[in-house]
Amino acid sequence: MSVTTGGMEKPKVSPLYDPRIRSIAYQVLLCAIIVFLIYSAISNAAENLQKARIASGFGFWENTAGFDISQSLIEYSTASSYGRAFWVGLLNTLLVAAIGIVLATILGFIVGIMRLSKNFVVSRVASGYVELIRNLPLLLQLLFWYNAVLKALPEMRDSINLPWGSFLNNRGLFFPQPVGQPGFNAVWIALLIGLIGSIAFRYWAKKRQEQTGQQAPVFLVSLALIAGLPLVVFLAMGSPLQFVFPERGRFNIRGGVEILPEFVALLFGLVIYTASFIAEVVRAGILAVSNGQTEASYSLGMRPGPTLRLVVVPQAMRVIIPPLTSQYLNLTKNSSLAVAIGYPDLVQIFTGTVLNQTGQAVEVVAITMAVYLSISITTSLFMNWYNSRIALVER
Amino acid sequence: MKRLLSLAFAAAVGLTASAASAQTLNTVKQRGVLNCGSNGSLAGFGLPDAQGNWTGLDVDFCRAVAAAIFNDASKVKFVPLTAKDRFTALQSGEVDVLARNTTWTSSRDTSLGLNFGPVNYYDGQGFLVRKSLKVNSALELNDAAVCVQQGTTTELNLADYFRANKMKLKTVTFAAADETVKAYDAGRCDAFTTDASGLYAERLRLANPADHIVLPEIISKEPLGPVVRHGDDQWFDIVKWTHYAMINAEELGITKANVDDMKKSDNPDIKRLLGTEGKHGEALGLSNDWAYQIVKLVGNYSDIFEKNVGMASPLKIARGQNALWTKGGLQYAPPVR
Ligand SMILES: N[C@@H](CCC(=O)N[C@@H](CS)C(=O)NCC(=O)O)C(=O)O
């Protein structure tokens with residue numbers, strides 16, 4: 001704003017009227033007011049809670065939880081602490097969100113591209129799916145999937161026997177759990193070496209292609225490094241892996257890995273719902289790429305497949321990423337509807353049982369909000385970074 | 001939505017200046033209606049029918065409080081609450097009294113800023129299982145999957161019982177009673193557990209009630225009673241004495257049917273209770289015939305027990321521990337004098 005073009009004298013103004021100093025002063029004032037409001041809200045809350053003789057503080061974190069949780073990725077028992085229960089819930093939320101995001105992205109891209117298909121039936125099926133799913137409340141869909149899963153599967157006694165000693169019934173899907181024996185770590189190390197090796201090879205191949213134009217069989221070499229090397233080591237170590245097979249007990253199936261129907265229903269519901277939005281995002285992104293790009297690509301003799309893959313999609317990505325990010329955030333936040341179908345996510349465990357057993361609503365709700373905020377901000381930061389990486393470089 | 005609202009309320013408890021807490025009676029009188037936190041789906045304790053008429057033991061308790069205050073048992077607004085949200089609703093002032101089959105425990109009494117009134121139903125936790133499982137005792141439930149409702153003492157007792165008996169447990173937890181019962185009915189769990197009274201009520205909702213049995217073990221003490229906020233002793237007294245009035249009335253043989261005749265009685269205990277002698281109502285901030293109004297408009301304890309959960313109801317629960325102390329039960333009230 002300030003006019004400092006050569007030659008002109010800067011007029012002398014009193015700092016009171018200097019717009020720069022003024023704006024800084026206003027900002028400092030605003031910050032002070034916000035800090036004061038937050039401070040007084042917190043101290044007011046603490047005082048009122050004490051007056052009402054409601055326990056407050058974070059001392060409950062270490063206390064024994066005393067309740068059971070159906071699915072936990074880390075060691076948890078009824079003798080664990082509330083803090084531990086919090087981590088169990090958080091990991092369960094992250095698990096369903098992470099798998100959900102991957103699957104919803106794949107399904108969403110497929111459906112979005114299908115909607116643009118020239119084939120009438122294919123595009124109609126895709127748009128029918130999008131219209132139907134987008135317009136039904138998610139909670140309803142979750143309850144539907146949960147009941148569909150429970151009703152469709154047989155009781156424990158009539159379990160469906162799957163190959164490899166696996167079972168499927170209305171208590172879940174059970175399959176053998178691989179347990180590494182001594183020496184199995186060597187396989188992990190081999191895998192790590194394979195990964196690093198294949199990245200290095202890819203880098204080298206790209207450099208060489210730029211210089212000499214010669215292509216290298218990157219895919220085959222990577223496969224050999226990532227899959228082949230660990231396999232060879234595994235066999236050389238004498239197959240140090242054993243399986244714990246699920247076994248039928250009187251009521252339930254014991255041992256092995258267990259996938260709960262609540263998890264499946266939640267995952268299904270979230271993926272199918274979010275994919276319908278992602279499909280629209282993808283369609284809009286592709287349509288945003290001017291037709292001239294496609295025509296130019298065709299006129300260079302490229303076929304439709306590579307045109308889509310190498311010309312259209314990379315440009316569409318720039319339009320797709322920002323709304324895609326908000327779909328990812330939605331999926332993560334929507335996972336808190338788990339509470340309706342008994343999947344032990346963060347909200348169900350922490351703002352559900354823990355809040356109720358401890359009665360410390362303010363603390364528990366604050367922690368939960370902070371967690372969702374952190375997850376969302378992290379996701380956004382990552383997607384922004386990715387977006388700037390693929391952004392069109394203006395030269 | 002409901003849930004979010006309650007959470008917002010929870011935050012509001014802390015964030016706004018606390019309302020003058022010792023004014024509940026005045027607030028209720030000015031409002032002209034008692035806000036009563038109730039169970040919205042438990043037959044025998046709190047359940048609205050299709051027309052919105054509420055019935056239940058806890059529902060009648062709130063009606064009795066309204067009768068004592070307004071001489072009109074219908075001046076109650078029932079607010080259905082899930083197990084999980086009930087305390088928050090009471091703390092935030094959304095309801096004046098919570099009568100929702102709520103177990104009196106030390107931590108609820110001391111760290112939630114609440115006070116428990118007298119026990120209006122002595123209960124204990126039990127298990128419901130399918131007959132086809134051929135289980136005769138809860139001790140045979142090792143490794144079983146059990147459906148349970150969140151935010152209840154039930155959830156904790158269950159974990160304790162299995163831990164104490166070195167049994168393995170698979171809990172499936174739901175926020176609402178409907179989903180819990182439905183999941184059990186769909187075969188997701190081998191057993192459903194809650195307060196024994198609740199088991200009898202929920203069994204009636206299953207597809208084939210006759211296919212399920214209640215196991216003999218009672219694994220906990222569940223003294224259920226009305227709850228109020230800390231810090232308003234007058235209101236606490238009113239809630240306590242509403243229950244005691246109904247117990248004393250039963251003990252003195254005063255029923256909904258004969259209360260008008262009883263008003264002519266010469267028995268000084270009866271005279272004091274019904275307010276024809278002494279000023280015991282005024283001391284509570286009510287009219288002196290407060291107990292007369294309760295019995296006349298709602299009934300004595302036996303009246304409401306039999307009608308809602310006893311032999312005159314579908315639940316057919318015997319008085320058992322809830323009989324008067326004079327008949328071998330635990331229901332006992334301090335005298336009015
Ligand atoms: N007495 C126990 C349990 C009370 C409870 O919530 N029981 C359940 C199962 S019978 C219930 O009433 N659910 C009805 C509902 O949430 O709508 C407690 O105070 O924690």
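Lettering follows sequence order; numbering is per chain, from 1.
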Test salt bridge (Lys or Arg N to Asp or Glu O under 4.0 Å) applied to A:Arg171 and B:Asp190, step by step: CA-CA 10 Å; A:Arg171 303 290 163 82; B:Asp190 301 299; 2.9 Å; yes

Take B:Thr173 and A:Gln348, measure what side chain to side chain donor-acceptor pair (under 3.5 Å) needs, and give me the verdict at the end. CA-CA 9 Å; B:Thr173 316; A:Gln348 127 105 306; 4.9 Å; no

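Here the straight-line distance linking atom CG of A:Asn356 with atom OG1 of B:Thr88 works out to 7.0 Å at 0.5 Å rounding. Taken from CD in B:Gln149 to OG1 in A:Thr353, the straight-line distance is 10.5 Å, to the nearest 0.5 Å. In this structure, CZ in A:Phe251 is found 13.0 Å from NZ in B:Lys168, a value given to the nearest 0.5 Å. Between the CZ atom of B:Phe87 and the CD atom of A:Gln357 there is a distance of 9.0 Å, given to the nearest 0.5 Å. Separation of atoms CD1 (A:Ile341) and CZ (B:Phe174) is listed at 8.5 Å; rounding is to 0.5 Å. Rounding to the nearest 0.5 Å gives a distance of 10.0 Å between OG1 of B:Thr171 and CZ of A:Phe67.
Nearest heavy-atom pair, A:Gly66 versus B:Ala159, reported as atom, atom and distance to 0.1 Å: O-CB, 3.2 Å. Of all heavy-atom pairs between A:Gly359 and B:Gln91, the closest is O-NE2, 4.5 Å. Across all their heavy atoms, A:Leu150 and B:Ala186 have their closest contact at CD1-CB, 4.0 Å. In plain terms, the two heavy atoms of B:Ala183 and A:Tyr146 that are nearest each other are CB-OH, 4.3 Å.
For A:Glu258, the part sitting under 4.5 Å from any heavy atom of chain B is the side chain, from C-beta outward, and nothing else. No part of A:Ser40 comes within reach of chain B, as not one of its non-hydrogen atoms sits under 4.5 angstrom from that chain. For A:Ala79, the parts lying near chain B are the backbone and the side chain together; criterion is any non-hydrogen pair under 4.5 Å. Using a 4.5 Å cut-off between heavy atoms, A:Ala366 does not touch chain B at all.
The candidate from B:Leu169, B:Val172, B:Thr153 with the greatest count of non-hydrogen atom pairs under 4.5 Å with chain A is B:Leu169.
Residue pairs meeting the disulfide (SG to SG under 2.5 Å) criterion with at least one member in residues 146-175 of chain B, sequence neighbours excluded: B:Cys147-B:Cys189.
Between B:Arg188 and the options A:Leu260, A:Leu153, A:Val149, a side-chain contact (heavy atoms from CB on, under 4.5 Å) holds for only A:Leu260.
Between A:Val339 and B:Gln150, the closest side-chain pair of non-hydrogen atoms falls below 4.5 Å.
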